[in-house]
Amino acid sequence: MLKGKKIILGVSGSIAAYKAATLVRLLVKQGATVKVVMTHDAHDFITPLTLATLSKNPVISNFKANAEGEWNNHVELGLWADMLLMAPATANTIAKMANGLCDNILLATYLSARCKTYIAPAMDLDMYAHPATQINLQKLNDFGNTVLPVAEGELASGLMGKGRMLEPDEIVTFLLNDTSISLKLKGKKVLVTAGPTYESIDPVRFIGNHSSGRMGFALAEVFARQGAIVTLISGPTDLHQQHANIKRIDVTSAEDMFNQTVKAFAKSDIAVMSAAVADYTPEKVSITKIKKSGDELHLKLKKTKDILAELGRKKLKKQVLVGFALETDNEVNNAIKKLHAKNLDFIVLNSLRTKGAGFGHTTNKVSIIDRNGTQTNFNLKSKSEVALDIVNKIMQIIDA
Ligand code: CTP
């Protein structure tokens with residue numbers, strides 16, 4: 001899958017830069033054309049001559065190409081590449097990428113590139129765990145980049161923990177898996193719902209919930225990056241989709257979401273319902289602001305339509321339908337009931353018991369339960385990584 005691909009390897013100043021030599025060799029061995037762009041600090045860890053020799057291309061570190069005033073065109077370079085691999089990516093380079101800084105040619109190339117970017121972080125455990133770094137990595141994920149996991153073990157500082165760059169062969173395996181998946185969803189039409197719904201009480205008040213929409217947006221990005229054409233139907237959220245293949249439809253209430261989703265489902269191959277849809281909505285919406293009076297206020301609520309159950313009724317054999325379940329007790333049994341009642345291919349059970357998982361968090365801990373009763377429990381991970389697990393499961397179903 002890397003054969004014939006034009007890859008820019010971006011090397012920044014980490015001790016892990018010495019592994020860039022092996023990485024270049026492995027990529028070239030896969031049939032890729034590799035150009036190395038490296039920061040000046042990276043020169044302290046590996047010589048440009050080594051990487052130029054292995055890649056058979058000159059290494060670029062400066063905007064100026066020579067004393068005659070010729071320059072290295074980062075825009076051309078960015079457009080040339082089919083893939084940009086930042087390995088190792090230091091905390092400093094990651095922070096700059098997340099904030100759009102371009103004070104060296106590697107960062108200017110990243111900003112100019114239209115291709116997919118993979119980021120292999122490398123740093124000490126405390127730098128990796130720092131909220132600033134975690135927020136920067138999340139931002140880069142949200143921009144549509146793919147952040148690779150880090151390895152755990154002994155670090156250059158002598159400390160033990162998470163932060164080591166993956167080994168070159170692991171990075172290449174990751175790229176191979178990711179790019180082969182991308183072909184499988186090319187042209188598939190995918191429907192994703194995300195976020196909360198707001199049920200109006202009067203012109204200024206509503207009943208809502210704490211859903212941020214992050215899980216659904218992460219799913220939409222993963223699907224789009226893998227070649228799918230995505231319709232993202234979202235309740236109110238501050239999030240922005242990144243990928244050009246995502247068509248977003250904004251809705252507010254459960255009723256709006258029902259109408260748009262049912263319409264879009266007819267043309268979809270895959271649907272994943274991650275929205276936190278209100279189960280009840282005020283029976284009457286007051287046209288004027290309800291004035292304060294008395295010690296109690298009683299609102300009469302009526303049931304909303306269950307969107308997922310409706311899709312389950314309409315589902316054709318060739319369509320894949322996935323739902324979420326958020327449970328606080330009797331989790332697995334309740335999820336299994338929902339799976340069958342709503343005619344799903346599988347259900348993603350959100351755990352509310354784990355710190356950092358679920359509503360309002362950037363991470364999630366889920367279990368996937370399919371129609372055969374197979375249950376897979378995943379660790380706490382970023383919502384982008386959870387999205388990848390879900391998409392992988394869908395791929396298995398399509399392949400079966
Ligand atoms: N769902 C939906 N329409 C609704 C309610 C829920 O499409 N009106 C979908 C959600 O997007 C989710 C799944 O149904 O994928 C399960 O949602 P959840 O709130 O866990 O379950 P409910 O069926 O609403 O049941 P309960 O709230 O009683 O647990």
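Order of listing sets the numbers, starting from 1, for every ligand and every atom in it.
Of all the heavy atoms of K305, the ones lying under 4.0 Å from any atom of ligand 1 belong exclusively to the backbone. At a heavy-atom distance under 4.0 Å, only side-chain atoms of T304, from C-beta outward, approach ligand 1.
Heavy-atom contacts of L326 reach the following atoms of ligand 1: 20 (O) (cutoff under 4.0 Å). Set against the non-hydrogen atoms of M273, the atoms of ligand 1 under 4.0 Å away are 11 (O), 12 (C), 15 (O). In the vicinity of A275, heavy-atom distances shorter than 4.0 Å reach the ligand 1 atoms 10 (C), 11 (O). Contact atoms of ligand 1 toward A325: 20 (O) (distance under 4.0 Å to a heavy atom of the residue). Close approach of ligand 1 to L308 is summarised as follows: ligand atoms under 4.0 Å from at least one heavy atom of the residue are 2 (C), 7 (O), 9 (C), 13 (C), 14 (O), 15 (O). If you number the atoms of ligand 1 from 1 as listed, the ones under 4.0 Å from a heavy atom of G323 come out as 15 (O).
Here the side chain of N350 pairs no donor or acceptor atom with the backbone of N364 at under 3.5 angstrom. A donor-acceptor contact shorter than 3.5 Å links the side chain of N209 to the backbone of S211.
By heavy-atom distance, the residue among K303, E255, K337, K342 lying nearest atom 14 (O) of ligand 1 is K342.
The shortest N/O to N/O separation between A276 and ligand 1 does not fall below 3.5 Å. Between S274 and ligand 1, not a single N/O pair is under 3.5 Å apart.
Looking from atom 26 (P) of ligand 1 to the surrounding protein, the closest heavy atom is K338 NZ, 3.9 Å. Among all protein heavy atoms, the one lying closest to atom 16 (C) of ligand 1 is F324 O, 2.8 Å. For atom 1 (N) of ligand 1, the nearest protein heavy atom (residue, atom name, distance) is D306 OD1, 3.9 Å. Here the heavy atom of the protein found nearest to atom 5 (C) of ligand 1 is D279 OD1, 3.4 Å. Atom 3 (N) of ligand 1 has as its closest protein heavy atom I307 N, 3.0 Å.
Exactly one of R248, E221, K247 qualifies for a side chain to side chain donor-acceptor pair (under 3.5 Å) with Q241. That residue is R248. Just one residue in the list K342, K338, R313 forms a side chain to side chain donor-acceptor pair (under 3.5 Å) with D306, and that residue is K342.
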(request) Decide side-chain hydrogen bond (donor to acceptor under 3.5 Å, both in side chains) for D142 and Q138; before the verdict, give the C-alpha distance in whole Å, the side-chain angles of both, and the deciding distance to 0.1 Å. (result) CA-CA 6 Å; D142 293 344; Q138 185 57 46; 2.9 Å; yes
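There is no side-chain donor-acceptor pair under 3.5 Å between N104 and T39.
For the pair D345 and K393, the salt-bridge criterion is not met [side-chain N within less than 4.0 Å of a carboxylate O].
We find the CG-CD1 distance between L137 and I119 to be 7.5 Å, quoted to the nearest 0.5 Å.
Distances from atom 28 (O) of ligand 1 to the protein include no heavy-atom value under 4.0 Å. Of the protein's heavy atoms, none falls inside 4.0 Å of atom 19 (O) of ligand 1.
K116 approaches G144 most closely through the heavy-atom pair CE-O, 4.3 Å.
Note: H74 and W71 have perpendicular aromatic rings, judged against thresholds of 30 and 60 degrees for the angle between ring planes. Relative ring orientation between F206 and Y198 is described as parallel, the plane-to-plane angle staying below 30° on a 0-90° scale split at 30° and 60°.
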